[in-house]
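Everything on this sheet refers to the single structure shown next.
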Amino acid sequence: MLGDMQKKGQALFEMGVGAKAALSGRSTVAKGDAKTLQQVQLATDATDKLVLPAWGRGQEREADLLAVDLLAESRQSPPAVVTMLEKLQAWEKATAETDEAFWNRMSQTSQRNVTEAMGVAYQKLLGTVSVNHPKTEDRITDTAEYFERHYGSRVLVEPTSAPWKALRTRPEVALVLRNYKQAFLAKKLLDQGKPQEAYATARTAVTGRTATDAYPNWVLARAAFALGRSREGIEALRRAVSSSEPVPNVYEDLIVAHEGSGNLPTALGWTDQASRTFGGAPRWMPHKIRLLRKTGRVAEANNVTIDCSLNATDWKRLCQEANATPPGRGR
């Protein structure tokens with residue numbers, strides 16, 4: 001486990017250094033910057049960047065069961081929730097890259113180009129799900145048992161695909177579907193280590209009705225970061241965060257990008273915004289503690305750590321580790 005965290009910490013180090021170099025216009029990283037970033041961030045950032053999705057385990061389960069209730073009461077097909085989760089599970093298995101393969105690729109990439117390494121790190125680290133997130137298999141089991149317990153004797157509506165087939169032929173819907181297909185393809189290209197192709201594909205997804213949608217812009221941001229186009233990446237993230245659907249990874253990317261470039265007050269601001277958006281979810285506490293300490297606001301970081309220890313016990317260790325971040329200069 002320790003070796004795994006060290007590998008992830010090293011990748012985060014490469015990502016932060018790459019962001020700073022890209023934003024300053026340099027193609028290489030100063031040895032002093034690299035050493036400082038490694039010493040300050042390696043131990044603490046490795047844990048609190050690889051954390052829960054914005055919603056906790058209980059919230060995730062409640063959402064699945066509520067979907068069953070809503071489908072049942074609207075006279076639709078509640079088992080569709082289970083079917084959806086089964087498809088999600090199949091997709092996870094089909095697209096999974098082993099951690100060992102990734103970290104080997106990360107090491108090789110960082111030796112060639114630190115900015116490219118930053119992009120590789122974004123592709124993997126910010127999409128990582130912690131052990132506290134409910135496994136899809138468990139979600140399938142819980143949802144199926146809930147359906148059987150509450151709706152097992154109900155006469156079900158036979159699902160039909162005719163309305164959907166008719167809807168998807170409408171020009172405006174077809175355009176949205178095409179753009180999202182391009183966004184999915186761009187993400188796949190990123191995962192395959194083809195950032196230039198991913199970037200070109202992602203650009204076509206951020207057009208028309210999806211020009212400000214979260215997912216296409218999030219993928220474009222990651223592709224831009226992978227190519228060292230940090231400013232363009234941040235602009236794409238700003239469009240994504242302004243969309244109607246909140247996506248936690250967008251906030252994660254904004255926080256990390258600004259932190260990596262040394263813009264700590266802005267990173268801290270996005271941490272507060274994320275906490276408000278997701279109902280004060282404890283996911284953002286380690287980020288806030290770490291950034292408060294880096295900006296010299298140690299007393300505030302201690303207060304957040306105490307709050308975390310008392311009211312978010314699952315996050316106690318991560319918060320305490322974040323509170324070990326070496327303090328920066330006060331404002």
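- Contact check for Asp272 versus Trp284: no side-chain heavy atoms found under the 4.5 Å cut-off.
- Side chain to side chain, Asn249 and Trp218 fail the donor-acceptor criterion of an N or O pair below 3.5 Å.
- Between the CG atom of Leu220 and the NZ atom of Lys187 there is a distance of 14.0 Å, given to the nearest 0.5 Å.
- Side-chain atoms of Glu259 and His287 include no donor-acceptor pair closer than 3.5 Å.
- Salt-bridge check for Glu321 with Arg317: passed, with a basic side-chain N closer than 4.0 Å to an acidic carboxylate O.
- A donor-acceptor contact closer than 3.5 angstrom is absent between the side chains of Asp64 and Tyr146.
- Side chains of Leu237 and Phe225 form a contact here, defined as non-hydrogen atoms less than 4.5 Å apart.
- Side-chain contact, Gln182 with Thr201: no donor N or O sits under 3.5 Å from an acceptor N or O.
- Looking at residues two or more places apart in sequence or on another chain, you find a ring pair (Phe, Tyr, Trp, His ring centres under 6.0 Å) between Tyr251 and Phe278.
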Q: In sequence, state the C-alpha distance, the side-chain angles, and the governing distance for Leu254 and His258, and then conclude on side-chain contact (heavy atoms from CB on, under 4.5 Å).
A: CA-CA 6 Å; Leu254 279 166; His258 285 294; 4.3 Å; yes
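- Atom CZ of Arg203 has 12 or fewer neighbouring heavy atoms from other residues, nucleotides or ligands inside a 6.0 Å radius.
- Thr207 OG1 to Arg178 CZ: the interatomic distance, rounded to the nearest 0.5 Å, is 5.5 Å.
- Summarising the local packing, CZ of Arg170 is surrounded by 12 or fewer heavy atoms from other residues, nucleotides or ligands at distances under 6.0 Å.
- At a threshold of 4.5 Å between non-hydrogen side-chain atoms, the residues Val81 and Phe147 do not count as touching.
- With rounding to the nearest 0.5 angstrom, the CD1 atom of Ile255 is 12.0 Å from the CG atom of Leu264.
- Applying the ring pair (Phe, Tyr, Trp, His ring centres under 6.0 Å) rule to Phe184 yields the partners Tyr215; only residues at least two apart in sequence or on another chain are considered.
- One side chain, Thr266 or Asn263, offers a donor N or O that lies under 3.5 Å from an acceptor on the other.
- For the residue pair Thr277 / Gln273, a side-chain donor-acceptor distance below 3.5 Å is found, with atom types taken as modelled.
- Between the side chain of Arg276 and the backbone N or O of Thr271, no donor-acceptor pair lies under 3.5 Å.
- Using a distance-only test at 3.5 Å, with no hydrogens or angles considered, no donor-acceptor pair links the side chain of Glu197 to the main chain of Leu189.
- Legend: residues meeting side-chain contact (heavy atoms from CB on, under 4.5 Å) with Ser309, ordered by chain and number and at least two apart, are Thr305, Lys316, Gln320.
- Cluster annotation: Leu66 is not connected to Val68 through the hydrophobic network of ILVMFWY side chains, with a link wherever side-chain heavy atoms come within less than 4.5 Å.
- In terms of modelled atom types and a separation under 3.5 Å, the side chain of Arg209 and the main chain of Val176 share no donor-acceptor contact.
- For the pair Thr325 (side chain) and Ala322 (backbone), a donor-acceptor distance under 3.5 Å is present.
- Around atom CZ of Arg75, no more than 12 heavy atoms belonging to other residues, nucleotides or ligands sit under 6.0 Å away.
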